[in-house]
Structure formats: structure tokens, C-alpha cells
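Here is the naming used below: chain letters follow the sequence lines, and residue numbers restart at 1 for every chain.
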Protein chains: 2
Amino acid sequence: MAKRDHAEVCAEVCTHPEILEKVAPEMPDEERLYDLAELFKVFGDTTRIRILYVLFESEMCVCDIAELLNMTQSAISHQLRILKQARLVRSRRDGKTVFYSLDDDHVRTVIGQGMEHIEEKHGRKRA
Amino acid sequence: MAKRDHAEVCAEVCTHPEILEKVAPEMPDEERLYDLAELFKVFGDTTRIRILYVLFESEMCVCDIAELLNMTQSAISHQLRILKQARLVRSRRDGKTVFYSLDDDHVRTVIGQGMEHIEEKHGRKRA
DNA sequence: AAAACATATGAACATCTGTTCATATGTTAG
DNA sequence: CTAACATATGAACAGATGTTCATATGTTTT
């Protein structure tokens, strides 16, 4: 996240001005890039991935998830909060229990693509 | 990543055994879930996201990327290593300079879906 | 071979992140 | 209202992560 004043990397010999001019305008603004990284950070934790996978099957209450994943209620609750803030998960209350479910289909697509990627690469690596 | 011996969360009243039995077999094994989280961790950093976006346009050498992102050569090189280990990026050497490019199309798909997600949610949030 | 250049890498440091523990909030039953 | 239950949350701690700095590796030129 830190930015240098001006990167003095190498002589401009290496830098190709046409490329620089072509790339710069295509870049989304900093805010979007930041938000995007934040979103993927949410996917970048085993516990949260497991929670999402569990919710693929059906909506579920906090204690069910905790039981399934063999973790404390507190840990799960903390992670659900993060998933909810990222709008990957939504909740509805029914009496004492709160049911969580997937918020939209991007979750499936993103995770699906991620899975494809690692499957493919593992195959290549171990063949 | 830490696992509890046995989560003593709530009475089994709340836990629905049918759900547990249904979900458990659908879960990918621990190794895949771990690898998947590791993959998304790679996407979960602004610098790396920016590098990937830059590479959407064309292959590029390290110092070009550093210049474009206004960061040190060292920082970029470290991040490129991570991207390469995740097989998101590949490199080819041409004399002194090393050119990096996207390794496959999952990168575009994943980032594209991520973008769609945040666009949609921002719209909903601010409407 | 030596100098110059592009890239890679190890160690150190500050920051961020996930879990735990204790406790607060919210809901229903008695 | 009180007790019991389900969930949420704040503080603290340990472990992970990204950048910097110094330096090493690899390549070309002279």
C-alpha cells in the first residue's frame, strides 16, 4: 500500500513509453483496485473458504457451522461478520438463531474459477 | 487455521443432523481448501492486483512495472515471485531483461467476477 | 576479465490478521 | 422479571505479510 515518491529503478532505456501510455488509461482508479484487493482478501482465508463451501449446500446457523468446521462459535461469528461486510453472505434472524446464506452467485463463480485454476496447475505440476 | 478439538458451541437442539450429513461429503479435502485460500491470498493485495492489471495490456519487464506503479524494483520483484509461484504469471528472459505476462485466463475471469461483485454492491449500497 | 545493467533475494521491521477469552446483546421460555 | 440460550464483539496475543535496504545473481558490453 505504500507508494514511493518516484521509483528510480533503471535507465529509461528499458522503459517503453508506448507501453506506459497504453497501460495507464486502462487502469481502474485506486479506490476500485483497493476494494478489489479487499474483496479477495476475504476469500484468502481457509476458515472463510470453508464457511462459504458449507453455505453452498444450504443456509445454516452459526452453531451448525461451528460444529461442522470444529471451531469455536466466536471464531465463526467473527468471520461471518467479515463475510457479511463483503456482501458475500447475508443473514436472517429466526428467534434466537441467526441463519446465514450466500448473498449472490459471484461467490460460486469466483471460487469455481479458483478451484479450476489450482486443479489445472496441480495437474501440470504433478504430471 | 487452528482447529479446536471439539467445538462445544450450543446444545444439539440447534444443530440439524440432516444438514451435517448432507454437507460433510460435499466438502473438498483440506488440502484443496488450503490451496484455494492461498490462491486468493495472492489476489488479496493491491500491489499484486495492480501488477495483474498492468499485465492485462501486455507483457512487461520488471522495471516497466515498477515505473508504472511508482514502486521500487525490489518490491515489484518480490511480488512477481509470489504471482509466479501461484502460476498467475510467467516469465521469459531476453538478455538482461525479464518479461512477465499472465499465465492463463483464470486470472481475467477471477478479477472480472470480483470487479462485478464490488460494482454491484457499491451500486446497491449507494443507491 | 571488469564494468554496467536488470533482476532476485535474505534479513529486519512495522503492520495487519485470526483466534481466544471474557463479556455484552438479543431472544424466548418459565 | 429472570434464567437460559444463541450470537456478537472488544481486547490481547501470536503469527503472517509487504516493504525496505543491502547485496547477490545473471547477462551483455567493452
Checklist entry - What string of B, S and - do you get for nucleotides 25-30 of chain D 5' to 3' if you count protein non-hydrogen atoms under 4.0 Å? => result -BBS--
Give the rounded distance in Å between these two atoms: [atom1] of [X] and [atom2] of [N].
| X | N | atom1 | atom2 | value |
| --- | --- | --- | --- | --- |
| Met60(A) | dA6(D) | CE | C1' | 16 Å |
| Ile51(A) | dT7(D) | CD1 | C1' | 14 Å |
| Ile82(A) | dT19(C) | CD1 | C1' | 11 Å |
| Phe43(B) | dG18(D) | CZ | P | 14 Å |
| Arg92(A) | dT7(D) | CZ | C1' | 15 Å |
| Gln79(A) | dA8(D) | CD | C1' | 13 Å |
| Leu83(B) | dA8(C) | CG | C1' | 15 Å |
| Tyr34(B) | dG18(C) | OH | C1' | 14 Å |

Checklist entry - Is a salt bridge present between Glu59(A) and Arg92(A), judged by a nitrogen-to-oxygen distance below 4.0 Å? => result yes
Item to check | Side-chain heavy atoms of Tyr100(A) within contact of Ile51(A), under 4.5 Å | outcome: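 No, every pair of side-chain atoms sits at 4.5 Å or beyond.
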Under the side-chain hydrogen bond (donor to acceptor under 3.5 Å, both in side chains) test, residues paired with [X] that sit two or more places apart:
| X | result |
| --- | --- |
| Glu57(B) | none |
| Lys84(A) | Ser91(A) |
| Gln113(A) | none |

Next on the checklist: My understanding is that only residues two or more places apart in sequence, or in another chain, count here; which of them pass ring-ring contact (aromatic ring centres under 6.0 Å, His included) with Tyr53(A)?
Outcome noted: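 Scan of Tyr53(A) (ring-ring contact (aromatic ring centres under 6.0 Å, His included), adjacent residues dropped) gives Phe56(A).
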Mind listing the N/O atom pairs, protein and nucleotides 9-17 of chain D, below 3.5 Å?
unit_1  : atom_1 : unit_2   : atom_2 : d
dT9(D)  : O4     : Ser74(A) : OG     : 2.7
dG10(D) : O6     : His78(A) : NE2    : 2.9

Does [X] have any salt bridge (charged side-chain N to carboxylate O under 4.0 Å, His left out) partners at least two apart in sequence or in another chain, and if so, which?
| X | answer |
| --- | --- |
| Arg81(B) | none |
| Asp29(B) | Arg32(B) |
| Arg108(B) | Asp105(B) |

Checklist entry - Any side-chain N or O of Tyr100(A) less than 4.0 Å from the OP1 or OP2 oxygen of dA8(D)? => result yes
Checklist entry - Can you tell me if the side-chain N/O atoms of Thr97(A) get under 4.0 Å from OP1 or OP2 in dT27(C)? => result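 So the side chain of Thr97(A) is outside the cut-off, no N or O lying under 4.0 Å from OP1 or OP2 of dT27(C).
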Item to check | Among dT7(D), dT7(C), dG18(C), the one nearest Val98(B) by side-chain distance | outcome: dT7(C)
